[in-house]
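Scroll down for the structure; my scribbles are underneath it.
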Amino acid sequence: NVPEDPQQRASWREQISTLQAQQEQLQEALATRSLAFRQAVESATLEGVQAQLQEGAGLLEWVQWSFEEESGEFTPHYGVFLLTADGIQAWTDLGEADAINQQIDQLRRDIQREGAMGFEGWGPSTSKSAAALYQSLLAPLEEHLAGLDQLFISPDGELHKLPFEMLKDAQGRSLGERFLVTSLSSGRDLLRSDQEPPSQHPPLILAGVDFGADPAPLADAQGSASLQRSAITDRYTALTGTVIEGEALQRLLWSSTLIQGAEATETRLKSEAPPSVLHIATHGYFHAASEGVSKTAEEGGSVEREPDAL
């Protein structure tokens, strides 16, 4: 957390500058030893990402950052910028993150509730929540989206939980109807598509996971096997809906392979050749190895990143 005392805040900022300088020194040292690392670091620039965007495509990258109020207190805000082949088209502060996060939670609740009621697609509450989030996240950039037909989406914070394709504009059109939408973990991902040739292997779908089928221990980041698979199997059961999801997706993806049930194991997944598309329909589980604590998404587990434009 950012300290409230001005002197402590100044010391905190000085420590960040020192750490950033150390990071740059380490990157330079790694770059002298690894050609692949050097190419990745040297290419990770705004201009490099911009060069990967074709005409008609845009990168929307959201960042969560700390906004300093007049009182000196810091409030989490969301911001977003739009990058195209012609450069940065817009940057805007979207306001307090807490308010937007509440809208995200509301949309997710509406989807779950109205889905259980038998609505296909958008029920009335889901449509209302999707429209409200469009106004919060995309309406400020609406005029700059004209002329684009493809969007690369890079979210931050709680925005990772959001199905962006469902958001509806003032005319009731969903984002997925208007644009070809591709999700990225970061704008840097666009650089990898230029460095790595796409896989020629068919799509692979893994669904209906039986968590008790593969008893092998799951190693943590240090390579130990202290985190046993029982920590997961005791918590989760198979999701029958993912079987339906996997079978439906297999019909859409030509020549795809569907692995499900007792066959859907980590061992089997790792034995497959890298697919052109990998779809895994299951629970989410996060292991914070550096802290020795495991959290699930339902328990409030989260991953934070620096507010980096790329």
Side-chain angles (χ1 to χ4, degrees), residues 40 43-64 78-92 94 104 107-108 111 121 130 133-134 136-142 144-169 173-207 245-246 248-250 252-256 274-281 284 303 305 307-310:
S43 299
T45 64
L46 184 65
E47 293 76 13
V49 173
Q50 179 181 335
Q52 299 303 313
L53 293 168
Q54 302 296 320
E55 196 69 31
L59 167 65
L60 282 169
E61 183 141 2
W62 282 264
V63 293
Q64 182 173 318
Y78 281 124
V80 61
F81 74 85
L82 171 64
L83 178 70
T84 69
D86 297 322
I88 294 180
Q89 302 302 310
W91 153 262
T92 183
L94 300 174
I104 295 172
L107 174 62
R108 288 165 57 85
I111 293 172
L133 270 166
Y134 186 96
S136 296
L137 297 175
L138 289 159
L141 300 175
E142 184 67 56
H144 302 286
L145 298 179
L148 299 182
D149 51 33
Q150 182 177 19
L151 292 179
F152 293 95
I153 301 289
S154 175
D156 196 8
E158 295 295 297
L159 296 175
H160 283 285
K161 298 179 179 180
L162 182 62
F164 277 89
E165 291 88 341
M166 291 189 67
L167 303 190
K168 288 192 170 187
D169 63 15
R173 300 171 300 173
S174 70
L175 199 68
E177 292 173 322
R178 296 176 55 193
F179 304 97
L180 173 62
V181 179
T182 302
S183 296
L184 306 174
S185 61
S186 167
R188 288 189 180 95
D189 290 348
L190 291 172
L191 297 171
R192 296 180 189 145
S193 63
D194 183 54
Q195 296 174 356
E196 301 176 3
S199 171
Q200 300 300 314
H201 297 286
L204 179 64
I205 306 164
L206 188 142
E245 176 184 340
L249 192 58
Q250 185 182 32
L252 294 173
L253 294 176
W254 181 76
S255 74
S256 60
S276 56
V277 176
L278 174 61
H279 182 88
I280 302 177
V303 178
R305 66 171 179 167
D308 189 332
L310 294 179

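Hydrogens, waters and symmetry mates are skipped; everything else that's a heavy atom, side chains included, is used.
Looking at Gln50, its side chain does come within 3.5 Å of a backbone N or O of Ala85 through a donor-acceptor pair. Although no hydrogens or angles enter the test, the distance criterion places a donor-acceptor pair under 3.5 Å between the side chain of Ser276 and the main chain of His201. A donor-acceptor pair is defined here as one N or O able to donate and one able to accept, closer than 3.5 Å; no such pair exists between the side chain of Gln89 and the backbone of His144.
Heavy atoms only, all atoms of each residue included: Gly187 and Leu59 are closest at CA-CD2, 3.9 Å. Scanning all heavy atoms of the two residues, the minimum distance from Pro275 to Pro202 falls at CB-O, 3.3 Å. Heavy-atom minimum distance, Ser154 versus Ser185: OG-O, 3.6 Å.
By the side-chain contact (heavy atoms from CB on, under 4.5 Å) test, Thr92 pairs with Val80, Leu94, Pro140, Leu141, sequence neighbours left out. When the side-chain contact (heavy atoms from CB on, under 4.5 Å) test is applied to Gln250, the partners found at least two apart in sequence or on another chain are Ile205, Ser256, Leu258. Not a single salt bridge (Lys or Arg N to Asp or Glu O under 4.0 Å) links Arg108 to another residue, sequence neighbours left out. Legend: residues meeting ring-ring contact (aromatic ring centres under 6.0 Å, His included) with Phe164, ordered by chain and number and at least two apart, are Trp62. A search for side-chain contact (heavy atoms from CB on, under 4.5 Å) contacts involving Ala139 returns Tyr134, Gln135, not counting sequence neighbours. Applying the side-chain contact (heavy atoms from CB on, under 4.5 Å) rule to Ile280 yields the partners Leu206, Leu269, Leu278, Thr282; only residues at least two apart in sequence or on another chain are considered. The side chain to side chain donor-acceptor pair (under 3.5 Å) check on Glu245 picks up His279, with sequence neighbours excluded. Residues passing the side chain to side chain donor-acceptor pair (under 3.5 Å) test with Glu55, sequence neighbours excluded: none. By the side chain to side chain donor-acceptor pair (under 3.5 Å) test, Ser136 is found to be paired with Gln103, residues two or more places apart in sequence or in another chain being considered.
A distance of 8.5 Å separates CG in Asp169 from CD in Glu177, rounded to the nearest 0.5 Å. Here the straight-line distance linking atom CG of Leu82 with atom CD1 of Ile88 works out to 9.5 Å at 0.5 Å rounding. Atom-to-atom distance recorded for Leu184:CG and Arg188:CZ is 12.5 Å, nearest 0.5 angstrom. The CG atom of Leu145 sits 11.0 Å away from atom OG1 of Thr84, with the distance rounded to the nearest 0.5 Å. Taken from NE2 in His160 to OG in Ser183, the straight-line distance is 10.0 Å, to the nearest 0.5 Å.
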Fill in: Trace of the side-chain contact (heavy atoms from CB on, under 4.5 Å) decision for Leu53 with Phe152
CA-CA 9 Å; Leu53 293 168; Phe152 293 95; 3.8 Å; yes
Worksheet item: Could you walk me through whether Arg173 and Glu142 pass the salt bridge (charged side-chain N to carboxylate O under 4.0 Å, His left out) check?
Response: CA-CA 13 Å; Arg173 300 171 300 173; Glu142 184 67 56; 5.2 Å; no
Practice prompt. Show the numbers, then the answer: is there a side-chain contact (heavy atoms from CB on, under 4.5 Å) between Gln150 and Thr182?
Written response: CA-CA 8 Å; Gln150 182 177 19; Thr182 302; 4.1 Å; yes
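For the pair Leu137 and Leu60, the minimum side-chain heavy-atom distance is 4.5 Å or more. Leu159 places none of its side-chain heavy atoms less than 4.5 Å from the side chain of Ile153.
Residue pairs satisfying the salt bridge (Lys or Arg N to Asp or Glu O under 4.0 Å) criterion with at least one member in residues 80-89, sequence neighbours excluded, are absent. Screening residues 145-155 for salt bridge (Lys or Arg N to Asp or Glu O under 4.0 Å), with sequence neighbours left out, gives no hits.
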